[in-house]
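One-based numbering, in listed order, for ligands and for the atoms of each. The chain is numbered in sequence order, starting from 1.
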Amino acid sequence: MTDIILALDVSTGKDALSIAKKTAPFIDAIKIGYPLVLAAGLEIANQLSDEGLPLIADFKVADIPNTSRLIAEEVFSHGFSGIICHGFVGRDSVLACVETAHDHGGECYVVTEMSHPGAVDFFHGGIAERIAGLVCETNADGIIAPATRPERTSLLRTLIGTKKILSPGVGAQGGDPAAIASIVDGIIVGRAIYEAKDPGSAAEEYSRFRT
Ligand code: 3DU
């Protein structure tokens, strides 16, 4: 089963709520992060939760364990069901996010390799593979891996087994949903849906890949 996860990076709460309502029948979860939360406040999560969809907090947490835990506590006390953290910060910081997520019945996803061109500067050469190993050691629920490089995401799949893969980079960043959907558990789509003239129809188009 491949989920469609809407990356709702709009800059007003009004737009966010309107797009969430139009797209809700065709998506499986909503991911929000700094763009919307800095504009509208974390309370927007409580309003979005009216759509009845899981909410994922994409703050790519990358701090010392204590600060990471404090961030994760805030996230889960606002109704999110998942959090995304970076893996390069190391075992103890990742563990802080994983444990806080699990204490709240939530999930933690760890960025192994990003989808943009510059990601190869640091994530390639063995780092992404080591982060995938850390994901298994820390009992994290899954990874974030690039739709723009399906061959890399396939390789990361061999390292994490049945843990979930959520994959950004489809649409605006050039990733082809047909090439990645069968490898991953969720494709993350932002601009190709929320910037479309009709976000509901755009989401419906992507829902073809929900197999
Ligand atoms: O490119 P889009 O507009 O479809 O948005 C992709 C979303 O996924 C966006 O929120 C971005 O911050 C997030 N993301 C990546 O694009 C790449 C990553 O490696 C991790 C997260």
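- Remark: ligand 1 atoms within the under-4.0 Å shell around heavy atoms of Arg191 are 1 (O), 2 (P), 3 (O), 4 (O).
- Any N or O atom pair closer than 3.5 Å counts here, and Pro168 shares no such pair with ligand 1.
- The Val170 neighbourhood of ligand 1 comprises atoms 4 (O), with distances under 4.0 Å to a heavy atom of that residue.
- A salt bridge links Arg152 with Glu129; the closest basic N to acidic carboxylate O contact falls under 4.0 Å.
- Residue contact check: Ala7 has heavy atoms under 4.0 Å from atoms 7 (C), 10 (O) of ligand 1.
- Open room surrounds CZ on Phe122; 12 or fewer heavy atoms of other groups in view lie less than 6.0 Å from it.
- Among all protein heavy atoms, the one lying closest to atom 17 (C) of ligand 1 is Ser115 OG, 2.9 Å.
- Here the heavy atom of the protein found nearest to atom 19 (O) of ligand 1 is Met114 CA, 3.0 Å.
- In terms of protein heavy-atom proximity, atom 16 (O) of ligand 1 is closest to Gln173 NE2, 2.8 Å.
- The closest approach between a heavy atom of Lys31 and any atom of ligand 1 is below 4.0 Å.
- A salt bridge is defined here as a Lys NZ or Arg NE, NH1 or NH2 lying under 4.0 Å from an Asp or Glu carboxylate O, and Arg210 with Asp28 meets this definition.
- No side-chain N or O of Thr100 forms a donor-acceptor pair with one of Glu73 less than 3.5 Å apart.
- Distances below 4.0 Å separate heavy atoms of Asp9 from the following atoms of ligand 1: 9 (C), 10 (O).
- Counting heavy atoms from C-beta on, the side chains of Ile144 and Pro168 come closer than 4.5 Å.
- From the protein, the heavy atom lying nearest to atom 4 (O) of ligand 1 is Gly190 N, 2.8 Å.
- Once rounded to the nearest 0.5 Å, the distance linking CD1 of Ile4 with CZ of Phe209 reads 8.0 Å.
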Under the salt bridge (charged side-chain N to carboxylate O under 4.0 Å, His left out) rule, what do Arg69 and Asp103 come out as? Steps first, then yes or no, please.
CA-CA 11 Å; Arg69 189 180 309 279; Asp103 284 350; 5.4 Å; no
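- Less than 4.0 angstrom separates some heavy atom of Lys60 from each of these atoms of ligand 1: 12 (O), 14 (N), 20 (C), 21 (C).
- For the residue pair Glu107/His102, the side-chain donor-acceptor check at 3.5 Å is not satisfied.
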